[in-house]
Amino acid sequence: MRFARRAWIVVWKDLTIEGRSKETLNALLFFSLLLLFLFQFALGPDRERLASVLPGLLWLGFILSGLLGLGRTFVGERENDCWDGLRLAPGDKSAIYLGKLAGNLLLMLLVETTLLALFAVFFNVDIGPAAPGLALVVGLGTIGLAAIGTLFAAMTAQVRARELLFPVLLLPVQVPVLLGTVKATEAVLLGEPLGAVAHWLRLLAAADVVYVAIGVLTFDFILDG
Amino acid sequence: MNRNAKFIAGGGVIAAALAYMIYAGVTQSAVYFITPSELRAAPVSGKAYRLGGIVVPGSVQWNPASLELAFTLSDGRGSVPVRHRGTPPDLFGEGRGAVVEGNWSREGHFTASLIMAKHSEDYKAPRGTSGAGYQDLIRTLEKDGSSR
Amino acid sequence: MADNWQFVAAAYGLAAAVLGGYWRRLVRLDRKLAAAQVRRRNRPADKIQ
Amino acid sequence: MTRALGWLATLGLIGGLVMGFGVAPREVTQGNVQRIMYLHVPTAWVAYLAFGIVFFASIGYLWTRSDAADRLARASAEAGVIFTGVTITAGSIWGKPTWGTWWTWDARLTSAAIMFVMYLGYLLLRGIIEEPEQAARYSAVLGIVAALDVPLVHFSVYWWRTLHQPPTVMKPGPVNMPPAILAALLVNVVAFTLLYTYFVVKRVNTLRREHEVLA
């Protein structure tokens with residue numbers, strides 16, 4: 001499988017860079033911590049209100065940190081003039097897309113797990129019994145977010161005002177994923193069985209399939225001129 | 001992989017996922033608002049609800065001076081007293097459908113912060129059938145809530 | 001049942017303003033381009049003189 | 001040719017107004033305010049049509065790299081955003097007297113609003129990229145993503161909440177509408193489709209000439 005190998009090389013390259021500098025990861029974890037402080041200041045001690053807004057807040061945190069992390073996907077390539085290297089890489093470019101997507105997924109899941117743990121500690125939420133369901137919902141949502149996020153990050157990497165354009169393009173497209181995950185997370189945290197949110201899970205799964213397929217098919221056009 | 005083969009396969013996957021979504025979407029039964037009998041079964045005070053039903057004929061009490069509105073919403077099986085402060089929309093009326101947003105108060109009534117009139121998708125000419133009946137409206141409400 | 005004619009008027013008025021505005025923009029762009037094309041066509045003639 | 005199309009659209013719109021305000025009867029429950037429907041529904045249809053054409057033109061561009069396809073996508077997206085704006089404002093004005101609120105996060109309203117911002121983003125991307133070939137390529141990808149996203153957006157907000165009545169005409173089963181109202185609606189759908197076609201043809205025209213003048 002040469003295709004898988006080429007995708008893996010991209011993942012390995014990005015992980016090595018990230019492992020050496022830990023630039024993005026450190027900044028994102030610190031950012032998540034700050035978010036928790038902000039939420040605490042905004043909400044105050046009202047526990048009842050907290051329970052009803054918790055899923056939304058959690059996803060707000062995931063999205064804000066996701067936007068920051070995803071937006072940086074191709075920054076390294078641009079700043080170090082490796083863009084042409086990617087463009088000139090032989091063969092199917094979708095391997096590069098899948099590699100970048102896998103790297104982003106790993107990074108986002110790491111940050112999300114940390115944020116979730118911090119949430120449980122600071123807001124006294126017992127997420128233990130909901131953990132398997134929560135993992136499924138968060139995983140499905142993150143795939144969708146990262147799939148389009150990676151594609152749009154490549155699209156905006158070479159454009160001026162990219163910090164602005166990236167979220168402006170990404171957020172409206174991500175509405176189905178956001179609605180689905182927030183609703184499903186809400187149900188899971190309230191202790192409802194996964195069957196009660198089956199239609200949301202199906203929507204998320206369908207969205208993930210569509211988004212990843214679009215990314216694989218169109219990434220070529222973004223990369224080569 | 002052949003480029004064209006990739007596009008055909010990818011397009012097929014996308015089309016299949018979307019077709020499945022549309023199929024599931026059309027046949028899905030989802031709850032957009034709860035009905036009075038559902039609220040009666042397990043009311044949680046303080047929790048925000050969207051409640052939909054028919055305004056029971058003869059139940060509307062409207063005080064234009066204090067802008068206080070009280071009426072009863074029913075789905076034929078259960079009924080809930082609703083209180084609201086403000087002017088109701090034009091289409092709001094006895095025997096018609098309405099959806100209210102608000103919460104269940106401890107005093108045993110529903111405090112609505114927003115009242116919305118729900119009209120059916122059937123448009124009527126003056127000499128057509130006169131005014132939709134109670135059953136018709138219940139059907140509209142239930143149809144919206146259970147199918148399509 | 002009130003007729004709410006003012007709402008009907010507002011809806012149609014706003015729509016007319018938006019659609020008419022876009023139409024006017026297109027017409028203006030059209031004229032500007034026509035003028036530019038005329039200028040371009042005249043330029044070589046200027047050089048000959 | 002374009003001019004003839006313009007007059008045809010004008011004629012259609014006049015006919016639509018005559019049908020909507022002269023021929024169609026006053027609706028019983030809602031009163032005359034229901035006549036906003038003859039504006040709201042056709043513009044909504046045209047908006048969906050416009051974004052559908054953006055989708056196919058975008059695929060066409062990536063396939064053939066023809067500038068004509070790119071110009072069509074751009075013109076159609078502009079018209080689509082305009083018509084979506086009209087649909088949303090008209091619907092909002094209709095909603096106030098009938099539902100009692102200008103705006104509610106109802107399914108159909110929300111999905112129209114999301115579609116609106118999605119394609120505003122599309123136009124924004126086009127405006128920001130200066131290099132024409134790059135702008136065409138990137139926006140074609142975005143046009144495809146946005147169009148395939150529309151059904152997902154639709155169902156997600158549909159399950160989320162709804163207040164909007166189900167579609168009257170575009171649904172399976174018989175249409176439950178007096179013939180005069182239906183006829184007025186159909187005349188307006190045709191008229192607004194003509195107006196959309198006129199806008200797109202004219203805009204494609206100006207874009208082509210812009211390209212020639214700049215070249």
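Any value given below was found using the heavy atoms of this structure, including those in side chains, with hydrogens, waters and symmetry copies removed. Letters A, B, ... are given to chains in the order of the sequence lines, protein chains preceding strands, and every chain is numbered from 1.
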> When you look at CH2 of A/W12, are more than 12 heavy atoms from neighbouring residues, nucleotides or ligands closer to it than 6.0 Å?
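Result for CH2/A/W12: open.
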> Can you sort out the partners of A/S65 under side-chain hydrogen bond (donor to acceptor under 3.5 Å, both in side chains), two or more places apart, ordered by chain and number?
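For A/S65 there are no side-chain hydrogen bond (donor to acceptor under 3.5 Å, both in side chains) partners, ignoring immediate neighbours.
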> Who pairs with B/E94 by salt bridge (charged side-chain N to carboxylate O under 4.0 Å, His left out), at least two apart in sequence or on another chain?
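Result, salt bridge (charged side-chain N to carboxylate O under 4.0 Å, His left out) vs B/E94: none returned.
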> State, to 0.1 Å, how close B/G10 and A/A213 come at their nearest heavy-atom pair, and which atoms those are.
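Between these two residues, the closest heavy atoms are O-CB, 4.4 Å.
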> Where is the tightest heavy-atom contact between B/G11 and A/L217, given as atom of each residue plus distance?
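Of all heavy-atom pairs spanning B/G11 and A/L217, the closest is N-CD1, 3.8 Å.
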> If you take all heavy atoms of A/R202 and B/M21, which pair is closest and at what distance?
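Where A/R202 meets B/M21 most closely, the heavy atoms are O-SD, 4.2 Å.
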